Undergrad: 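What follows is a single structure, and I will ask about it in a moment.
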Amino acid sequence: MFAGLPELGISNGEDLKETLTNCTEPLKAIDQFQMENGILLPTLQSALPFLDLHGTPRLEFHQSVFDELREKLMERVATIAEGKDEDRYIKLEELLEKSFPLVKMPSIQPIVMQVLKHLQKVPEKKLKQVMADKELYKVCAVEVKRQIWQDNQALFGDEVSPLLKQYIVEKEAALFSSDLSVLHNFFSPSPKTRRQGEVVLKLTQMIGKNVKLYDMVLQFLRTLFLRTRNVHYCTLRAELLMSLHDLDISEICSVDPCHKFSWCLDACIREKFVDAKRARELQGFLDGVKKGQEQVLGDLSMILCDPFACNTLVLSTVRNLQELLSQDALPRDSPDLLLLLRMLSLGQGAWDMIDSQVFKEPRMDLEVVTRFLPAMMSIVVDDYTFTVEQKLPSEEKSSLTYPTTLPETFSRYVQENRVACEIGLYYVLHIAKQRNKNALQRLLPALVDTYNDMAFGDIFLHLLTGYLTLLSDEFGSEEFCTAVFDNFLLTSFSSKENVHRHCLRLLNHLHQKVLASYMETLMKTLEPPKQSSESVKELYTLLKEKLEASKKSPLEPEEAPSLDLGLHPVAVPSTPKTPL
C-alpha cells in the first residue's frame with residue numbers, strides 16, 4: 001500500500017516497525033517519528049493538543065489536511081497545463097518524476113493520473129509501465145490511453161471491437177423492432193440524433209484529435225465491411241466523421257478528404273432530399289477528384305453506401321421521376337437524375353471497389369436511364385390511367401381492366417442491375433405508402449427474383465412491413481393476403497430466417513385484420529423448425545398467445561388513424577411520350 005515512499009526518502013510502516021523493535025523507549029521513539037514525518041509547520045505543534053482535548057484522532061486530522069492538499073495540487077496541475085508558460089510541461093514532467101513512484105498508492109494515484117492526463121507527450125518509459133499494469137491502464141485517463149493506443153493497434157482494436165459489435169447489434173435490433181409504424185421507422189432519427197448514440201460518442205472521445213487513431217478506426221471499419229458486407233459499418237464511418245465535425249475537430253476534419261462531401265450529404269439526409277443546389281456541390285466534389293488521388297473514391301463510395309445516404313438518393317430519384325412525368329419529359333433529359341444515379345452506382349459499388357483496390361467510378365449502365373426508368377414510368381402511367389378511368393361516369397367508361405403483368409424490361413433490370421433494383425424496390429415502398437393495393441399486387445410477385453435477393457434484405461422488409469400497416473383492412477381479402485404472403489414473403493422464408501422474422505413481426509401487428517381461415521394456414525406454415533433462433537420462436541409464441549387471447553375476448557375493430565404522409569398528387573399526362 002505504501003510502496004514507493006522509501007524511494008522518495010519518506011519513512012513508511014516498515015521503518016516504524018524497525019524503530020520500535022530496536023528502541024528502548026517506545027513512547028519517545030513514537031514522538032520522534034511523528035516529529036520527523038508529521039506536517040512540518042512549527043506553529044502547528046502547539047495546536048495539536050487542542051485537537052486531542054476535543055477527542056479528534058490525529059489520523060482524522062492528517063487525512064483531512066491530506067485530502068485538502070491533494071485537491072489543491074490537482075487544481076494546480078490543471079492550471080499549469082492550461083497556462084501559457086513555455087516551461088509548463090517541464091514543470092509537469094518534474095512533478096511526474098517525483099510522484100510516479102507512488103502511483104500504486106490509492107491516495108496519491110489521482111495526482112499521478114492528473115499529471116499524466118495533462119502531459120502532451122508522456123515519457124515512453126512511463127507509458128510502458130502504465131500499459132504493463134492492468135490496474136493502472138484501467139484507471140488512466142483517455143488522454144493517456146490515446147498515447148498508448150497510437151503505437152499499439154492491437155490493443156486499440158481490443159478496445160474498439162466491443163463497441164463496433166454493439167453498434168451492429170443496435171442497428172439490427174432497430175430493423176427487427178416490434179413497433180411497426182409508418183411515422184417512426186429505421187430512417188426516422190435525424191443525423192444529429194443518431195450521432196448522440198453511445199457508440200459514436202465513445203469512439204469520438206477515444207479518438208479525440210488524434211489523426212492516427214481516426215485512421216485506425218476507419219481501417220477497422222473497411223476491414224469489417226469487406227469481411228461481412230454489412231452496410232451499417234458504412235453508416236458508422238459517416239457518423240464518426242460528422243460527429244468530429246460537430247465538435248469542430250479541425251485537426252481531423254481538415255485532413256479527411258471526404259469531409260466537405262459528407263457535410264453536404266449529411267444536410268441532404270437531414271432533409272431526405274437532394275435539392276438542385278446541393279446536387280451541384282456533390283457533383284463538384286466527385287468531379288474534383290484529381291489524378292493520383294483516386295483512392296478517396298473508396299471512402300466516398302463507402303459513405304454513399306450508408307443506407308441513410310442510399311435512402312435519401314433513391315427517395316430523391318423517385319421524386320425526380322414524378323416531376324419528369326408531370327413535365328412530359330424523359331429521364332435522360334434530367335442532369336439531376338443522372339447525378340443521383342451516378343452516386344447510387346458509386347455507393348452500390350463500394351464493396352467491389354474496396355475489395356479490388358481499383359479506385360475508379362463504376363460505369364453506369366445507360367440502359368437503366370433509357371430503358372428501365374421509362375418502363376417504370378409506364379407502370380405509373382398505367383396506374384394513373386386506370387385511376388382516372390374509374391372516376392369517369394359509367395357511360396364514358398371503357399372495358400379497361402387493371403394490368404396484371406409488368407414490362408419485361410422492368411423485371412429483367414430488377415434482376416440484373418443493382419441500381420435499377422434499388423429504385424424498383426423504393427417504387428414499391430412508394431406505392432405501399434400511397435395505399436395503392438392494385439399496383440402492389442401487380443409488383444410484389446416481381447420481387448421474388450431480384451438482384452442479389454435485395455428484396456429480402458432487412459432494410460427493405462422493415463420498411464415494407466411498416467407501410468403494409470396502412471393497408472391493414474386489405475388483409476381481410478384472400479387475394480391481397482395471397483399477393484403479400486404466397487406470392488412474395490413465403491417464397492423464401494424457409495431459407496431466409498430474417499424473412500421469417502419479418503413475417504411474424506407483421507402478423508403480430510396485423511393478426512386481427514387477417515382473414516381467419518388464411519391466418520390458420522399461415523400459423524401452420526410459419527411454425528418455427530427446431531433449429532430456428534430464439535427470436536423467431538419468441539415471435540411465434542407471442543403471436544400464438546395473441547391469437548388465443550383474441551378468441552377468448554374479441555376486440556372491437558379499431559378505426560384506422562388518419563395519417564398525413566405528406567404525399568402530394570402529381571399531374572401525369574394521359575398520353576406520355578413513347579420512351580426511345
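Note that the structure is a prediction, hence the values are computed from the model and not measured. Values below: all heavy atoms of this structure, side chains included; hydrogens, waters and symmetry mates excluded.
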Undergrad: What is the distance from atom NZ of Lys272 to atom CZ of Phe308, rounded to the nearest 0.5 Å?
TA: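 Interatomic distance, Lys272 NZ to Phe308 CZ, rounded to 0.5 Å: 8.5 Å.
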Undergrad: Mind checking the CE-CG spacing from Met113 to Leu116? Nearest 0.5 Å is all I need.
TA: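 Rounded to the nearest 0.5 Å, the CE-CG separation comes to 6.0 Å.
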Undergrad: Please work out which of the three classes, parallel, tilted or perpendicular, describes the rings of Phe176 and His502, given edges at 30° and 60°.
TA: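 His502 and Phe176: parallel rings.
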Undergrad: Hey, could you give me each pair passing salt bridge (charged side-chain N to carboxylate O under 4.0 Å, His left out) that has a residue in residues 252-267? Not counting sequence neighbours.
TA: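 The answer is Arg195-Asp266, Arg237-Asp256.
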Undergrad: State the CZ-CG distance between Phe156 and Leu213, to the nearest 0.5 angstrom.
TA: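 Between atom CZ of Phe156 and atom CG of Leu213 there are 4.5 Å.
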Undergrad: By the definition side-chain contact (heavy atoms from CB on, under 4.5 Å), identify the one residue from Asn452, Asp453, Thr450 that meets it with Cys421.
TA: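 Filter result, single survivor: Thr450.
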Undergrad: If only side-chain N and O atoms count, and only distance matters, is there a donor-acceptor pair under 3.5 Å linking Arg222 with Gln219?
TA: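 Present: a donor and an acceptor within the cut-off.
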Undergrad: Just wondering, are more than 12 heavy atoms of other shown residues or ligands nearer than 6.0 Å to NZ in Lys128?
TA: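 At most 12 heavy atoms, drawn from other residues, nucleotides or ligands, come within 6.0 Å of this atom.
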Undergrad: Quick one: list whatever passes side chain to side chain contact (heavy atoms under 4.5 Å, CB included) with Val169, sequence neighbours left out.
TA: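 Applying side chain to side chain contact (heavy atoms under 4.5 Å, CB included) to Val169 gives none.
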Undergrad: Run the salt-bridge test on Arg418 and Glu422 with the 4.0 Å N-O cut-off and return the result as yes or no.
TA: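 No, Arg418 and Glu422 are not salt-bridged.
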Undergrad: Between Asn436 and His430, do the side chains contain a donor N or O and an acceptor N or O under 3.5 Å apart?
TA: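 No, because no side-chain N or O of His430 sits under 3.5 Å from a partner of the opposite role on Asn436.
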Undergrad: Kindly indicate whether a cation-pi arrangement holds for Lys126 with Phe100, taking the cut-offs as under 6.0 Å to the six-membered ring centre and within 45° of the axis.
TA: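 Ring-cation test returns yes.
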Undergrad: Side-chain contact test, heavy atoms from C-beta onward, threshold under 4.5 Å: evaluate it for Leu330 versus Leu373 and give yes or no.
TA: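 No, side chains not in contact.
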Undergrad: Once rounded to the nearest 0.5 Å, what's the spacing between atom CG of Leu340 and atom OG of Ser334?
TA: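 Result: 7.5 Å between the selected atoms.
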Undergrad: Is it possible for you to check whether Arg371 lies under 6.0 Å from the centre of the six-membered ring of Tyr413, through NZ or CZ, and within 45° of that ring's axis?
TA: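 The answer is no; the distance or angle limit is not met.
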Undergrad: Taking Asn210 as the fixed residue, which of Gln150, Glu143, Gln147 is the one that meets the side-chain hydrogen bond (donor to acceptor under 3.5 Å, both in side chains) rule?
TA: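 That would be Gln150.
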Undergrad: Is it the case that atom CD in Glu271 sees more than 12 heavy atoms from other parts of the structure closer than 6.0 Å?
TA: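 Above 12, so yes.
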Undergrad: If you take all heavy atoms of Val499 and Leu489, which pair is closest and at what distance?
TA: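 For Val499 versus Leu489, the nearest heavy atoms are CG1-O, 3.4 Å.
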Undergrad: With distance as the sole criterion, is a donor-acceptor pair present between the side chains of Gln348 and Tyr451 under 3.5 Å?
TA: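 Result is no, nothing qualifies.
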Undergrad: Please report whether the ring centroid of Phe488 lies less than 6.0 Å from that of Phe493.
TA: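 No, ring centres 6.0 Å or more apart.
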Undergrad: Just checking Arg146: does its CZ atom have more than 12 heavy atoms from other residues, nucleotides or ligands closer to it than 6.0 angstrom?
TA: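 It does: Arg146 CZ has more than 12 such atoms within range.
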Undergrad: Output the distance between atom CG (Asn230) and atom CG (Leu164), rounded to the nearest 0.5 Å.
TA: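 One gets 11.0 Å once the value is rounded to the nearest 0.5 Å.
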Undergrad: Could you tell me the separation between the CG atom of Leu240 and the CD1 atom of Ile207, rounded to the nearest 0.5 Å?
TA: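 Here the rounded value is 4.0 Å.
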Undergrad: Output all residues satisfying side chain to side chain contact (heavy atoms under 4.5 Å, CB included) with Glu416, sequence neighbours left out; order by chain, then residue number.
TA: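 With neighbours one apart ignored, the set is Arg412.
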